[in-house]
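Within every chain, numbering begins at 1; the chains are lettered A, B, ... in the order of the sequence lines, protein sequences first and strands thereafter.
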Amino acid sequence: MSQKPEDFFKNIISHSKEYGYIFQSSEIYDGLSAVYDYGQNGAELKKNIREYWWRAMVQMHENIVGIDAAIFMHPTTWKASGHVDAFNDPLIDNKDSKKRYRADVLIEEHVAKIEDKIEKEVEKAKKRFENFDEAMFRSTNARVVEYQNKINDINNRFKNAMNDGNLAEVKQIIVDCEIVDPVSGSRNWTDVRQFNLMFSTAMGSVDGEGSTIYLRPETAQGIFVNYLNVQKTGRMKIPFGIAQTGKAFRNEIVARQFIFRMREFEQMEMQFFCKPGTEKEWYEYWKDARLKWHHSLGLGKENYKFHDHVKLAFYANAASDIEFQFPFGFKELEGIHSRTDYDLKQHEQFSGKKLQYFDPEEGASYVPYVVETSVGLDRLFLSILSAAFKEEKLQDGETRVVLSLPPALAPIKAAVFPLVKKDGLPELAEKIINQLKFDHIVTYDEKDAVGRRYRRQDAIGTPYCITVDHQSLEDGTVTVRHRDTMQQDRIKIEALNDFLNERVSMKSLLKQL
RNA sequence: GCGGAAGUAGCUCAAUUGGUAGAGCUCCAGCCUUCCAAGCUGGAGGUUGCGGGUUCGAGACCCGUCUUCCGCUCCA
């Protein structure tokens, strides 16, 4: 990576488009911001990544099962999870400083300032009088009462404005309070706008009250609401896990950096239910297991690191991210969170259903604690693509662009070429295709010089190219050319399936875990 | 969302001060047959992102809009 990181990233983006990995959504209509489509090769790579994750989690763990919960969920789900209230912020910009603020925070800070003034009055009075009756002072002192009235007035107005969804009134409060931007010191504000994290739509053919449905902003809640169904029907014993992959939707304020932050994205999550008090052990176990999984891809251990959260979300008692060195720096790839019993307790409360587990060893019931692993499939895709993308300078001065994808994840496992388009070589190549296609996705190419065809496959990331030449007709062998080394082996045609199976299967990856 | 920059063929880019939209590569058909891309012949492909405006005339100037990039801002 001798060039500037931005250029490197740009090259990856244009390479992705040129070779059928990623297209911008609705491109012929000028595109849709922060939404991307996966092309013929991207869909394969993505599917393979998903499959490797699924096998590592579900197939390799007897106590983990997978589900596929719907994207639509009962609206109360999102009240219980906290998404409805916690991600509904009124935002305002200062036109001079270009800074954005949460309008409610600005007003709260203003109120806090007035409260400080009251406290100062109280402190002063305390020093002045011997037998100081603080409660009396607060309720009678003219200045304090005036301040307090102001606070009550502001709070009432704000409460009403938010309840009515009256954003103009929220702005008016900021104007009336003469709140200034702490950076620019100006009162030059934009209108207040509502920020909603969740996309909403209407269920049923008739619009109206109560029919608002959200597109899920995370897959986790589909697991939590099904936890008891799975536990009972699968006769699962704690500790056990439920895995799920699927689309999630978030209205990000700023969605950028290609597929790193999209409005529609795919998560791969596993919620691990364990006995209260054991959650830290499992948290450490999963941190370790997940890092190992990433390392097994062979993209360089130095590209991964943990970032432990210091400031924890209200529901968590431990949290860490696995970060990857993207072309634009170390960024979050996967989160491992110890979520306590927060989610299940919330759903108990909102649904009125008991979500407890009877532990025969304890002889008692409890709400399990949860350790979550949550990885972004699209981010994982980008991490693999950016680590695999290489612009090589060869010894003879030529350059080549190669995607050194892990063979098990590569969209196309092998390409078959006739060295020349005559003498029966194409026919033999077709026969080989027909022999291999039952095991793997393979492709055929007879156009242009063979070296050129090798380069084309390098750019797609195909790990093996099989070339049929005149010797093949005589002794039934072909050359197999390796993508990364460009070395060739001569192999019997009958041995090709075994050769490929051994090298492109996920088994070798799974064995490293 | 704010500020800055950009948008011309699938890709990379041209097009004097406003005066007929071009090239290379790619792609397709054919020729050639050579194990590490760019031989030969022919061909396809553009309402210059979109919509208005100024002008005799706009790829170029003005306004709006969409998208992308960079920097802010936000992110359980």
Side-chain angles (χ1 to χ4, degrees), chain A residues 4-7 9-11 13-15 17-20 23-36 78 81-83 85-87 89 91-102 105 183 188 190-193 195 197-198 217-218 220-221 250-258 260-261 309 311-316 319 328 331-332 335 337 339 342-343 372 374 392 394-396 398-402 417-423 425 446-459 465-471 478-483 485-488 490:
Chain A
K4 284 191 299 186
E6 303 115 70
D7 290 342
F9 190 39
K10 272 185 186 164
N11 290 346
I13 294 170
S14 56
H15 190 88
K17 183 188 171 188
E18 192 173 353
Y19 290 94
F23 308 125
Q24 190 176 16
S25 163
S26 323
E27 197 185 15
I28 61 166
Y29 292 108
D30 288 331
L32 187 61
S33 184
V35 184
Y36 291 89
W78 307 111
S81 71
H83 285 83
D85 295 324
F87 297 98
D89 304 328
L91 299 176
I92 190 166
D93 292 331
N94 183 272
K95 290 178 187 169
D96 298 314
S97 67
K98 313 291 180 205
K99 298 279 180 195
R100 162 165 298 172
Y101 300 92
R102 278 176 53 176
V105 171
V183 174
N188 193 6
T190 63
D191 285 341
V192 176
R193 282 175 302 258
F195 167 65
L197 173 96
M198 290 191 288
E218 62 176 22
Q221 300 304 326
R250 295 181 195 181
N251 232 333
E252 303 284 352
I253 297 177
V254 172
R256 246 192 303 200
Q257 278 167 324
F258 198 37
F260 183 79
R261 179 166 289 135
H309 290 203
K311 223 182 95 190
L312 294 171
F314 53 94
Y315 57 73
F328 40 85
K331 297 278 177 182
E332 178 186 351
H337 295 196
R339 293 180 78 127
Y342 176 80
D343 299 279
E372 163 189 279
S374 172
E392 288 182 348
L394 302 179
Q395 288 178 334
D396 57 6
E398 293 288 329
T399 59
R400 72 162 185 158
V401 175
V402 56
F417 308 145
L419 183 60
V420 293
K421 200 170 42 173
K422 61 175 188 183
D423 304 336
L425 301 187
E446 60 177 24
K447 176 85 177 146
D448 300 314
V450 73
R452 192 186 186 82
R453 287 177 262 164
Y454 286 145
R455 296 299 175 85
R456 274 206 285 264
Q457 295 304 322
D458 288 342
C465 291
I466 297 160
T467 303
V468 175
D469 56 17
H470 292 92
Q471 189 185 331
V478 289
T479 60
V480 174
R481 181 259 196 189
H482 299 251
R483 175 194 65 198
T485 60
M486 298 193 284
Q487 304 272 307
Q488 294 185 356
R490 196 159 260 283

For [N], the Watson-Crick or wobble partner whose two distances fall under 3.5 Å:
{"N": "B:U48", "value": "none"}
{"N": "B:C56", "value": "B:G19"}
{"N": "B:A9", "value": "none"}
{"N": "B:A76", "value": "none"}
{"N": "B:U33", "value": "none"}
{"N": "B:C2", "value": "B:G71"}

Over how many whole Å does the gap from [X] atom [atom1] to [N] atom [atom2] extend?
{"X": "A:Glu446", "N": "B:A29", "atom1": "CD", "atom2": "C1'", "result": "13 Å"}
{"X": "A:Glu18", "N": "B:U12", "atom1": "CD", "atom2": "P", "result": "8 Å"}
{"X": "A:Lys447", "N": "B:C25", "atom1": "NZ", "atom2": "P", "result": "14 Å"}
{"X": "A:Asp448", "N": "B:A29", "atom1": "CG", "atom2": "C1'", "result": "13 Å"}
{"X": "A:Phe328", "N": "B:C69", "atom1": "CZ", "atom2": "P", "result": "11 Å"}
{"X": "A:Phe258", "N": "B:C70", "atom1": "CZ", "atom2": "P", "result": "12 Å"}
{"X": "A:Trp78", "N": "B:A76", "atom1": "CH2", "atom2": "P", "result": "16 Å"}
{"X": "A:Arg456", "N": "B:C25", "atom1": "CZ", "atom2": "C1'", "result": "13 Å"}

Excluding sequence neighbours, so at least two apart, what forms salt bridge (charged side-chain N to carboxylate O under 4.0 Å, His left out) with [X]?
{"X": "A:Glu372", "answer": "A:Arg339"}
{"X": "A:Asp458", "answer": "A:Arg400, A:Arg481"}
{"X": "A:Lys17", "answer": "A:Glu27"}

Measuring only the [atom1] atom in each nucleotide, how far is [N] from [M]? A whole number of Å is fine.
{"N": "B:G59", "M": "B:G46", "atom1": "C1'", "result": "11 Å"}
{"N": "B:U48", "M": "B:C61", "atom1": "P", "result": "16 Å"}
{"N": "B:U12", "M": "B:G7", "atom1": "P", "result": "12 Å"}
{"N": "B:A76", "M": "B:A14", "atom1": "P", "result": "43 Å"}
{"N": "B:C27", "M": "B:C66", "atom1": "P", "result": "36 Å"}
{"N": "B:C63", "M": "B:C25", "atom1": "C1'", "result": "38 Å"}
{"N": "B:A44", "M": "B:G57", "atom1": "C1'", "result": "31 Å"}
{"N": "B:C11", "M": "B:C50", "atom1": "P", "result": "14 Å"}

Roughly how far apart are [X] [atom1] and [Y] [atom2], rounded to 0.5 Å?
{"X": "A:Met486", "Y": "A:Arg455", "atom1": "CE", "atom2": "CZ", "answer": "6.5 Å"}
{"X": "A:Gln488", "Y": "A:His482", "atom1": "CD", "atom2": "NE2", "answer": "9.0 Å"}
{"X": "A:His309", "Y": "A:His337", "atom1": "NE2", "atom2": "NE2", "answer": "4.5 Å"}

Which residues pass the side chain to side chain donor-acceptor pair (under 3.5 Å) test with A:Arg456, not counting sequence neighbours?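 Once residues adjacent in sequence are excluded, the partners of A:Arg456 under the side chain to side chain donor-acceptor pair (under 3.5 Å) criterion are A:Asp445, A:Asp448.
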
Going through the distances and angles, do A:Phe23 and A:Tyr36 end up as a ring-ring contact (aromatic ring centres under 6.0 Å, His included)? CA-CA 6 Å; A:Phe23 308 125; A:Tyr36 291 89; over 10 Å; no

With sequence neighbours excluded, tell me which residues meet side chain to side chain contact (heavy atoms under 4.5 Å, CB included) with A:Thr467.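 Applying side chain to side chain contact (heavy atoms under 4.5 Å, CB included) to A:Thr467 gives A:Phe417, A:Leu419, A:Val450, A:Tyr454, A:Thr479.
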
Distance-only donor-acceptor test (3.5 Å): side chain A:His83, base B:A76: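 Between B:A76 and A:His83, which were checked side chain against base, a qualifying N/O pair under 3.5 Å is present.
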
Select from A:His309 and A:Val35 the residue whose nearest nucleotide in RNA chain B is closer to the 5' end of that strand.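 Result of the comparison: A:Val35.
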
Nucleotide of B:C11, B:C75, B:U68 approaching A:Arg261 most closely (side-chain heavy atoms):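 So the nucleotide nearest the side chain must be B:C75.
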
Please tell me if A:Lys17 has a side-chain N or O lying less than 4.0 Å from either OP1 or OP2 of B:C11.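 A:Lys17 to B:C11 OP1/OP2: side-chain N or O found under 4.0 Å.
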
I'd like to compare against my own output: the B/S/- annotation of nucleotides 33-41 of chain B with a strict under-4.0 Å heavy-atom distance to protein. B-BBBB---

